[in-house]
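Because the structure is predicted, anything quoted here is derived from the model rather than measured. Within every chain, numbering begins at 1; the chains are lettered A, B, ... in the order of the sequence lines, protein sequences first and strands thereafter.
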Amino acid sequence: MHDHEHGEHDHPRVATGALRVGIGGPVGSGKTALVAALCRTLREQWSIGVVTNDIYTTEDADFLRRHAVLPDERIRAVETGCCPHTAIRDDIAANQEAIGELEHHLAPLDLVLLESGGDNLTAIFSRALVDRQIFVIDVAGGDKVPRKGGPGVTTADLLVINKTDLAPLVGADLDVMRRDADRVRDGRPTLLLSLTEDPSAGAVAHWILDQQASIGSLAT
Amino acid sequence: MTTRNALVLLTDGRFPSGAHPHSAGIEVAVARRAVTDLDDLARFLLGRVHTAGLVDAAFVAWIVRREPSDAALPWDDVDAEVSARIASPAQRATSRRLGRQLARVAARVWPSVALATVVATNDGPHHVVALGAAAASAGLPVADAAFVAAHGAVTVPAYAAMRLLGLDPVALQALLAELGPAVDAVVDEAVQCAGDPLDALPCLAAPASELAAEEQAERSPRLFAS
């Protein structure tokens with residue numbers, strides 16, 4: 001049953017199948033809502049699988065199933081035993097296995113979204129696990145977060161500053177957040193997002209489509 | 001000795017074989033208040049090393065004593081004997097999950113025919129089978145290989161308990177140091193068994209642990225996968 005031994009175990013990862021996009025960020029920043037929005041926006045044109053990494057139980061996977069953003073068999077939950085960053089960075093065996101199972105049962109897949117458990121600003125995905133990574137923060141977490149940096153904020157391929165509609169309510173200055181993000185991210189892109197105003201997460205979906213085009217050798 | 005390096009790598013909790021989200025039953029023990037402090041944990045670990053620890057160490061020692069050799073090991077028989085010793089379906093599933101992950105990782109670190117063979121096991125090899133193949137491929141002596149198994153049987157629940165109960169990490173290290181002679185005794189016993197016929201290997205069981213594994217599989221919410 002394990003005929004997916006190749007590729008996923010090579011480092012750096014060579015994209016031979018689905019584009020793998022990791023979505024990380026602090027607890028409550030809107031990772032699961034973003035995954036749901038991306039599934040709704042992209043599921044007509046792409047074959048999609050999702051792996052959630054819950055800190056405990058299968059809360060996020062259950063949310064996605066309940067909202068029927070994808071058929072149940074396209075969503076897998078990986079448990080992380082108190083240590084969400086370990087499962088995406090230091091010991092990626094369980095996530096590799098979950099992605100391998102999705103690719104095996106649903107081949108050919110175009111896109112796998114891998115959602116990290118909520119973590120701190122230093123959490124990044126291993127490059128052996130994903131092709132691209134998105135880090136999601138939100139304005140309610142404070143407008144100083146981009147300035148504080150950390151590998152998640154500074155090195156993710158895309159930084160999403162979420163819940164911009166809340167900015168006036170929490171006294172967050174979006175211009176400061178964008179300027180600080182640009183300063184610490186060395187030219188990497190940042191997107192401001194409000195899923196209330198754009199439930200399709202159109203700009204993020206567009207960015208993912210661009211990544212597929214730039215990586216090239218993907219199944220379509 | 002090059003095997004000293006392999007011994008440290010295989011016993012290091014950072015070895016990336018997917019064991020970190022497993023508690024070996026300690027989460028249920030904590031939830032039931034059977035383990036509430038370091039003294040309780042000491043009793044839990046002592047019981048575990050003399051049951052699961054000995055069975056695991058004996059199988060690993062048995063495999064390593066015979067690998068590498070010209071004749072292929074009867075992997076199917078080893079698999080069946082291990083399965084017969086794990087009463088809980090949830091524990092069998094966990095054993096194969098951990099075995100699959102360990103075998104794949106070890107096959108990249110210490111490539112060998114034995115690891116390539118066990119990686120291809122239907123549903124994945126049991127954890128001790130993968131560990132035996134990994135230890136043999138890394139060139140570990142029999143006693144060191146058995147030590148990896150017995151040590152792991154103790155440290156996996158120990159570190160999970162530290163996280164669940166907020167135990168003093170230094171006191172935990174002192175406890176693990178105190179358990180050293182118990183682990184060594186289990187290793188000695190496992191090495192003695194390594195020359196026995198496969199079906200004569202220890203078959204100790206811990207029913208409370210097996211029931212806990214079944215309970216853990218149904219728990220929600222849970223922090224650990226097992």
Side-chain angles (χ1 to χ4, degrees), chain A residues 1-14 27 51-63 65-66 76-101 103-105 114 116-119 123 125-129, chain B residues 12-24 26-27 30-31 93-94 96-109 111 115-125 127 130 134 156-157 159-167 216-226:
Chain A
M1 64 177 281
H2 301 291
D3 54 354
H4 48 259
E5 256 43 92
H6 303 290
E8 73 186 274
H9 300 299
D10 301 333
H11 180 75
R13 209 184 92 73
V14 179
V27 176
V51 177
T52 64
N53 280 206
D54 288 307
I55 301 176
Y56 41 87
T57 194
T58 54
E59 173 95 10
D60 291 340
D62 291 345
F63 174 91
R65 290 188 184 115
R66 201 162 55 243
R76 300 224 167 200
V78 166
E79 289 154 309
T80 61
C82 304
C83 251
H85 52 270
T86 302
I88 61 165
R89 187 187 59 202
D90 307 335
D91 183 349
I92 58 179
N95 273 312
Q96 282 184 320
E97 177 161 285
I99 293 175
E101 286 170 359
E103 289 184 329
H104 178 69
H105 292 295
L114 172 56
S116 165
D119 211 311
F125 289 82
S126 165
R127 295 283 171 186
L129 189 58
Chain B
D12 190 337
R14 289 168 293 187
F15 192 76
S17 56
H20 71 94
H22 292 267
S23 87
I26 207 80
E27 185 168 1
V30 168
T94 297
R96 291 195 189 279
R97 173 169 294 276
L98 289 172
R100 279 197 302 270
Q101 293 173 171
L102 172 59
R104 286 183 192 156
V105 171
R108 286 186 58 199
V109 182
L115 280 166
T117 304
V118 302
V119 160
T121 308
N122 230 1
D123 294 335
H127 182 249
V156 167
Y159 288 118
M162 183 180 73
R163 292 179 185 174
L164 289 166
L165 293 167
L167 298 174
Q216 178 73 1
E218 300 298 322
R219 276 176 67 78
S220 183
R222 64 172 179 238
L223 279 163
F224 290 89
S226 76

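For the atom pair OG1 of Thr86(A) and NE2 of His20(B), the computed distance is 5.5 Å after rounding to the nearest 0.5 Å. Separating the CD atom in Glu97(A) from the CZ atom in Arg104(B) is a distance of 5.0 Å, to the nearest 0.5 Å. Rounding to the nearest 0.5 angstrom, the gap separating the CZ atom in Phe15(B) from the CG atom in Asp90(A) is 14.0 Å. Distance check: Cys82(A) SG to Glu27(B) CD gives 7.5 Å after rounding to the nearest 0.5 Å.
Legend: residues meeting ring-ring contact (aromatic ring centres under 6.0 Å, His included) with Phe63(A), ordered by chain and number and at least two apart, are His67(A). Considering only residues two or more places apart in sequence or on other chains, Arg66(A) meets the salt bridge (Lys or Arg N to Asp or Glu O under 4.0 Å) condition with none of them.
Across Arg14(B), His22(B), Arg97(B), Gln101(B), the residue that shares the most heavy-atom pairs under 4.5 angstrom with chain A is Gln101(B).
Contact of Ala160(B) with chain A is not made at all, since no heavy-atom distance falls under 4.5 Å.
A donor-acceptor pair is defined here as one N or O able to donate and one able to accept, closer than 3.5 Å; such a pair exists between the side chain of Arg163(B) and the backbone of Gly81(A).
Between Ala93(A) and Pro16(B), the closest heavy-atom pair is CB-O, 3.9 Å.
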